[in-house]
Amino acid sequence: MAEAAAPGVDEARERGAQPERTRLAWRRTTLTFALVVVLAVRDLVVTEDGRSGTAVIAVALGALAWVAFLVLAHRRIRALASGERPPVATGATMLGAAGVIVVASAFGLVLTTEA
Amino acid sequence: MMRQAWGAVRLWFSPRRVRAEGATPDYRFSLANERTFLAWLRTALALVAGGIAVDQFLTDLRWGVRTTIALLLLVAGALCAIRAVNHWVMSERAMRRGEDLPQSRFPAALAVCTVVASVIVIVAVLLGQAGG
């Protein structure tokens, strides 16, 4: 590894950069998810004759899924901010994050197939 | 292949088995792995957004065509999210074992499917306009 050759300051900066980049990646993903929810809400609002109750519930549950993702992301971001050597993400966090998105895609399915 | 798939799924749910093997990799590689995972999640979200958007914006298409395209995009999104977990677990394991990272045809397949889906949508829109 190049660590032995690099001066102390650069090394410290480099060590701080990776966890920060990962925190930002979590934030970007949370934001992207939020945009998807907004798109679904738009569907409810813009449709002329309004959407069925099922569609509204699907979007509401999708928003809940986003909140669940936000909680997961927030916890991981806090773990990443905890000092120089952050722990590897747990499988539960990763499964949870992906699972929530799979669930959201199912709600999207309900939203699109509801006449 | 089914046994392999089932083995992979079990590995997602048993982090201790993954951690029992090999050595802890440089944490920066693990973080890079995590960022890759999140990039795949964003890809999944983009596909989900595409599915929802097709339903909203391509109103000129027949319900059947629109819903099929939307369905395909949503399923593709779900598949990307699932694949993200699998790739993350397999990469962590490979790094612990000092092996090469897992190769995959998934990205290429996804790219091809995206092109095909885009062409279908373009054709459908053009035909719809031509039909009146």
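Quick caveat, the model's predicted, so the values are computed rather than measured. Proteins get letters first, then strands, A, B, ... in listed order; numbering begins at 1 in each.
Interatomic distance, CG of A:Leu80 versus CD of B:Glu34, reported as 5.5 Å (0.5 Å rounding). Considering OG1 of A:Thr47 and CG of B:Asp55, their distance stands at 8.0 Å, rounded to 0.5 Å. Between the CG atom in B:Leu41 and the CH2 atom in A:Trp26 there is a gap of 7.0 Å [rounded to 0.5 Å].
Using a 4.5 Å heavy-atom cutoff, the side chains of A:Pro86 and B:Leu31 are in contact.
Residue A:Phe69 touches chain B through its side chain alone, counting heavy-atom pairs closer than 4.5 Å. For A:Arg28, the parts lying near chain B are the backbone and the side chain together; criterion is any non-hydrogen pair under 4.5 Å. Only the side chain of B:Ala70 comes within contact range of chain A, with at least one heavy atom under 4.5 Å from a heavy atom of that chain. Of the atoms belonging to B:Trp12, heavy atoms from both backbone and side chain fall under 4.5 Å from chain A. Contacts of A:Ala97 with chain B are made by both backbone and side-chain atoms, with heavy-atom separations under 4.5 Å.
Considering only heavy-atom pairs separated by less than 4.5 Å from chain B, the leading option among A:Val46, A:Leu39, A:Val36 is A:Leu39. For the set A:Asp43, A:Leu24, A:Val37, the entry with the most heavy-atom pairs within less than 4.5 Å of chain B is A:Asp43. Interface check for chain A: of the options B:Leu79, B:Leu73, B:Val89, B:Leu45, the most heavy-atom pairs under 4.5 Å are formed by B:Leu45.
Here the closest heavy-atom approach between residue B:Ser30 and residue A:Val88 is recorded as OG-CG2, 3.8 Å. Heavy atoms only, all atoms of each residue included: A:Thr22 and B:Leu38 are closest at O-CD1, 4.2 Å. When every heavy atom of A:Met94 is checked against every heavy atom of B:Val85, the shortest pair comes out as O-CG2, 3.9 Å. Residues B:Ala81 and A:Ile101 share a closest heavy-atom pair of CB-CG2, 4.1 Å. Among all heavy-atom pairs drawn from A:Thr113 and B:Thr67, the shortest one is CG2-CG2, 3.7 Å. Between A:Ala89 and B:Trp88, the closest heavy-atom pair is O-CH2, 3.4 Å.
Side-chain N/O atoms of B:Arg42 and A:Thr32 include no donor and acceptor closer than 3.5 Å.
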Using side chain to side chain contact (heavy atoms under 4.5 Å, CB included), reason through A:Thr112 and B:Leu74 one step at a time and then give a plain yes or no. CA-CA 10 Å; A:Thr112 31; B:Leu74 289 164; 3.6 Å; yes
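By the rule that hydrophobic residues join a cluster once side-chain heavy atoms approach within less than 4.5 Å of another member, B:Ile82 and B:Trp6 end up as members of one cluster. No chain of hydrophobic side-chain contacts below 4.5 Å, direct or via other Ile, Leu, Val, Met, Phe, Trp or Tyr residues, connects A:Leu61 to A:Leu35. Residues A:Trp66 and A:Val103 fall into different hydrophobic clusters, defined by Ile, Leu, Val, Met, Phe, Trp and Tyr side chains chained together at heavy-atom separations under 4.5 Å. Cluster annotation: A:Leu95 is connected to B:Val9 through the hydrophobic network of ILVMFWY side chains, with a link wherever side-chain heavy atoms come within less than 4.5 Å. Note on B:Leu101: it clusters hydrophobically with B:Phe29, by side-chain heavy-atom contacts below 4.5 Å among ILVMFWY residues.
Atom CZ of B:Arg97 has more than 12 neighbouring heavy atoms from other residues, nucleotides or ligands inside a 6.0 Å radius. Within 6.0 Å of atom CZ in B:Arg62, 12 or fewer heavy atoms from other residues, nucleotides or ligands are found, so the atom counts as exposed in its surroundings.
Looking only at distances, no side-chain donor or acceptor of A:Gln18 sits under 3.5 Å from a matching main-chain atom of B:Tyr27.
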